[in-house]
> 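Handing you this structure, nothing more for now.
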Amino acid sequence: MSADSQPRRERAPRSKVRPITEPDALLRELPCNLDAERFILGAVLLDGSRFTEVETLTVDDFSLERHRRVFGAMHDLSESTESIDYITVADRLKQRNENGPDDLTFLTDLSTGLPVVPHLDSWVRILRKANHLRCVIRQSAKVMNECQMSSADPVEILARHAAEIEAFTTTYGSEQEIRRVEDLDSIFADRSPTEYVVKPELPAKAIVCLTGDSESGKTTL
């Protein structure tokens, strides 16, 4: 039988549009800072009392899965008012069924070569920012996926994600808010403590603006 006479197999029609189930272009290299993650965990392992400096973090702020597990174990120990060190963290990982064959080696490596770290708050902000960027990228990928699939009208798609975007914007914005002069000290941790002419109303070497209604005593003050 010649090739021309052989029955041809019908190919299944291929869709021109496919869902972005794994948006590689967006998710291949998500923002992270593995050094900051390692140094934060290492500093807490060296001195468990320093967990209070990073307790505002969540496991989602860590990009590496193993770092997430270690921080989760640390958080459990802190909640139970237990000491945080290499042995207790390794034991808590075992209790959580998240242990590995080289947990102690991995934990000790986290603090190997760790420099003297007087403040951890700057690194905390680095991790939070990277996590927020990852959240934005993932949310954008969801919107792209629905648009690619033409699953609904564009206005409906945007409305569907508006609540999540608004919640994220509110959360992220509240973390950037500065309410007191003292809050600046945590942002600029390497600067000297704030000096005051009159504490806490008049910081030294600063411009202070007094506002009030007419005849309220501004000039007298």
> Please identify each residue that fulfils side chain to side chain donor-acceptor pair (under 3.5 Å) with Gln95, with sequence neighbours left out.
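Counting only residues at least two positions away or on another chain, Gln95 forms a side chain to side chain donor-acceptor pair (under 3.5 Å) with Asp91, Arg92.
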> With the threshold set at 4.0 Å, does a side-chain nitrogen-carboxylate oxygen contact exist between Asp61 and Lys129?
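Between Lys129 and Asp61 there is no salt bridge, as every charged N stays at least 4.0 Å from the carboxylate O atoms.
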> For Phe71, enumerate each residue passing the ring pair (Phe, Tyr, Trp, His ring centres under 6.0 Å) test, keeping only those at least two apart in sequence or located in another chain.
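Partners of Phe71 under the ring pair (Phe, Tyr, Trp, His ring centres under 6.0 Å) test: Phe51, Phe62.
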> Got a sec, which residues hit side chain to side chain donor-acceptor pair (under 3.5 Å) with Ser78, two or more places apart in sequence or on another chain?
none
> Of all the heavy-atom pairs spanning Arg128 and Leu57, show the shortest one and how long it is.
CD-CD2, 3.3 Å
> Can you sort out the partners of Tyr86 under ring pair (Phe, Tyr, Trp, His ring centres under 6.0 Å), two or more places apart, ordered by chain and number?
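Tyr86 satisfies ring pair (Phe, Tyr, Trp, His ring centres under 6.0 Å) with no other residue.
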> Could you state the interatomic distance from CG (Asn131) to OG1 (Thr58), rounded to the nearest 0.5 Å?
6.0 Å
> Any chance you could measure His67, atom NE2, to Ser63, atom OG, to the nearest 0.5 Å?
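His67 atom NE2 to Ser63 atom OG measures 8.0 Å (nearest 0.5 Å).
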> Which heavy-atom pair separates Ala36 from Leu127 by the least distance, and what is that distance?
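Minimum heavy-atom separation between Ala36 and Leu127: CB-CD1, 3.4 Å.
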> Return the set of residues passing salt bridge (charged side-chain N to carboxylate O under 4.0 Å, His left out) with Arg68 (not counting sequence neighbours), or none when no residue passes.
Asp60, Glu65
> Of all the heavy-atom pairs spanning Asp85 and Ile87, show the shortest one and how long it is.
OD1-N, 3.0 Å
> Tell me every residue that passes side chain to side chain donor-acceptor pair (under 3.5 Å) with Asp47, counting only those two or more places apart in sequence or in another chain.
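For Asp47, the residues satisfying side chain to side chain donor-acceptor pair (under 3.5 Å) (neighbours in sequence not counted) are Ser49.
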